[in-house]
Amino acid sequence: MNSRTHYDVAIIGAGMSGLAAGIRLAHFGKRVCIFERHNTVGGLNSFYSIGGRKFDVGLHAMTNFVRPGVKGTPLGKLLRQLRIDRDEFALCEQKQSRIAFGARGETSLRFTNDFAVLESEVATRFPAQVDGFRRLAAAVRAHDDVALDAQPVSARQVVRQHLTDPLLEDMLFCPVMYYGSATEHDMDFGQFTIMFKALFFEGFARPFDGVRVILRVLLDKYRAAGGERRMKAGVRHIVAQAGRATALILDQGEEITADHVISSIGAPETARLVQSGHHPATAIAPGRLSFVETITILDRQPAELGWGSDTIVFFNDSARFDYACPKDQVDPRSGVICIPNNFDFGAGRHLPEGIFRCTCLANYERWAHLPEGAYRADKQRWYQSLQRSAQRFLPKLADPAALAHATVTTDMFTPRTITKFTGHLGGAIYGAAQKNRQGRTELANLYLCGTDQGFLGIVGAMLSGISMANYHILQKS
Ligand SMILES: Cc1cc2nc3c(=O)[nH]c(=O)nc-3n(C[C@H](O)[C@H](O)[C@H](O)COP(=O)(O)OP(=O)(O)OC[C@H]3O[C@@H](n4cnc5c(N)ncnc54)[C@H](O)[C@@H]3O)c2cc1C
């Protein structure tokens, strides 16, 4: 039981960014407490159990993977700053991933954790573009993507200075946008470079037991450093007086005070918590991009269906890649397939069951207000549609009914699920379109970290927590 109600720092939300900020601050002797509305940690990147079976939410792959000894990378920085030994995450590398475009994925670019593979695929499929691709890669490498005062620049415009083939342009944007764009059609070049490096220069990996391992390590570090955590303790209001956050009111009515408050729940979500006559001068619009995901558990390894090679497949069947909030409930034309069995777990080591996941863009408004019966029926209908769409981009099954025969159980989440379990308005996984790199708010001692500060994904979220704790609190104390 926590008896103190005043902290040096109160953190709202126990997702990846809140946990990382907490560890950093606790290491430096700050009295810090994380307040989380739910009874599990991890937020957008967590897990749940149904019938004794654990499902990961979020984690397809941890991006930014580099092998030991590679210096100056986000993963290295994060491990150092959180004092985590890289063996604790026990990361296993992807086998290979693909970008597959065309009605049946006729144009395909393979990539692995070795950038040379993608470069040679581009040289083979787009020989006239490879010099431009190399120039683009050099521009990405040279870009300072962590500057907190960078001004937004259109990534499409920059990429078109180097590439003239719209198919290759779209093929590169597809994974980069699916794994980290809060904006439709185009994105900021700084964000593009972060994701390009995270996906193509670095790469994908995951622990054998999934996101639980990462969360367990973070929680152990936090606890060992003396950090406190209150679960089922949502923050209902932030009381503002004279331009400062003076108290947090919890869902149960309890009042907490803190010298500093870090919020990881999103910019518009945080603005809504601020009360007491102080209204933010500028309203921040919630993001428009949300997703559905199907999860299919199989009674055999995907390799037995002929699907043993691909870890992640980014697909699109249309003339142009249309990354936008769909008019319909879901847009199954493009998406991401993840087969978690296809990481290299070591000889003879397999996940106990086959897993096949498919993620597509979805429209929050078209899901949010459905009566329960219609909601369930629509989920069922779209589940079938996503399965059909995704299978076009994987090797053809010898028996078309094989997937159905191998299926043990299924689940599906929608934008409504995301809002229910993480509080993100509009089911917006990547948050608001406009990012706030410095994490400042209208209140002098209230800062943002996580998705709306602008570093996305698991590694990005943790780095965001670290950098906001360093920048606003540790460097000033
Ligand atoms: C389907 C899906 C697939 C993804 N795939 C990948 C992937 O393969 N690789 C990758 O790197 N990233 C992936 N991501 C993205 C990654 O999960 C997120 O970028 C990252 O986890 C965001 O962390 P965060 O700490 O910023 O925010 P969040 O995880 O949203 O944390 C915020 C926390 O605040 C809590 N909260 C909200 N309101 C309140 C309140 N009022 N009081 C108290 N607590 C509150 C929430 O419950 C939540 O725990 C994926 C996400 C999803 C959903």
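Below, each value reflects all heavy atoms present in this structure, side chains not excepted, and no hydrogens, waters or symmetry copies. Numbering of ligands and ligand atoms starts at 1, following listing order.
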- [ ] Would you check if there is a donor-acceptor pair between the side chains of Y447 and H260 at a distance under 3.5 Å?
- [x] yes

Open item on the list: Does ligand 1 come near enough to M62 that some N or O of the ligand is less than 3.5 Å from an N or O of the residue?
Closed with: no

Task: Min N/O separation R357 to ligand 1 under 3.5 Å - done: no

Task: Closest approach of any protein heavy atom to atom 29 (O) of ligand 1, naming residue and atom - done: L44 N, 2.8 Å

- [ ] Considering the heavy atoms of G15, write down every atom of ligand 1 situated less than 4.0 Å from one of them.
- [x] 25 (O), 29 (O), 31 (O), 33 (C), 49 (O)

Task: Output field: ring centroids Y178/F314 closer than 6.0 Å - done: no

Open item on the list: Looking only at the side chains, is there a donor atom on one of T359 and H60 sitting less than 3.5 Å from an acceptor on the other?
Closed with: yes

Task: Distance-only N or O hit between ligand 1 and L456, under 3.5 Å - done: no

- [ ] Just need the protein heavy atom nearest to atom 23 (O) of ligand 1, so name the residue and atom and give the distance.
- [x] A461 CB, 3.5 Å

- [ ] Decide whether Y323 and T183 meet the rule of one side-chain donor and one side-chain acceptor closer than 3.5 Å.
- [x] no

Open item on the list: Among all protein heavy atoms in this structure, tell me which lies nearest to atom 1 (C) of ligand 1, with the distance rounded to 0.1 Å.
Closed with: F413 CZ, 3.1 Å

TODO: Considering only non-hydrogen protein atoms, determine which one is nearest to atom 44 (N) of ligand 1 and report residue, atom name and distance to 0.1 Å.
DONE: R37 N, 3.2 Å

- [ ] Check the side chains of Y48 and D411 for a donor-acceptor pair under 3.5 angstrom, ignoring hydrogens and angles.
- [x] yes

- [ ] Check each of A61, G423, S46, G457 against atom 19 (O) of ligand 1 and report the one with the nearest heavy atom.
- [x] G457

Open item on the list: Minimum distance, heavy atoms only, to atom 35 (C) of ligand 1: which one of M231, K232, M16, E36 is it?
Closed with: E36

TODO: Starting from atom 24 (P) of ligand 1, find the nearest protein heavy-atom neighbour and note its residue, name and distance.
DONE: S17 OG, 3.5 Å

- [ ] Give yes if a backbone or side-chain nitrogen or oxygen of Y430 is under 3.5 Å from a nitrogen or oxygen of ligand 1, and no if not.
- [x] no

Open item on the list: Under a 4.0 angstrom heavy-atom cut-off, which atoms of ligand 1 come close to H38?
Closed with: 47 (O)

- [ ] Would you check the N or O atoms of G234, main chain and side chain alike, for any that come under 3.5 Å of an N or O of ligand 1?
- [x] no

Open item on the list: So for ligand 1, is I265 a polar contact partner (N or O within less than 3.5 Å, distance only)?
Closed with: no

- [ ] Inspect the surroundings of CZ in R53 and state if more than 12 heavy atoms from other residues, nucleotides or ligands are less than 6.0 Å away.
- [x] yes

Task: More than 12 heavy atoms from other groups under 6.0 Å of CZ on R223 - done: yes

Task: Sub-4.0 Å atoms of ligand 1 with respect to non-hydrogen atoms of I12 - done: 40 (C), 42 (N), 43 (C)

Task: Under 3.5 Å side-chain donor-acceptor pair for T419 and R416 - done: no

TODO: Decide, yes or no, whether a salt bridge links R206 with E93 under the criterion of side-chain N to carboxylate O below 4.0 Å.
DONE: no

Task: Between D310 and Q96: side-chain donor-acceptor atoms closer than 3.5 Å - done: yes

- [ ] Considering heavy atoms of the protein only, find what lies nearest to atom 17 (O) of ligand 1 and give residue, atom and distance to 0.1 Å.
- [x] N45 ND2, 2.6 Å

Task: Heteroatom distance test (H60, ligand 1): nitrogen or oxygen, under 3.5 angstrom - done: yes

TODO: Would you tell me whether N363 and Q329 have side-chain atoms, one donor and one acceptor, within less than 3.5 Å of each other?
DONE: no

Open item on the list: I458 versus ligand 1: do any nitrogen or oxygen atoms come within less than 3.5 Å of each other?
Closed with: yes

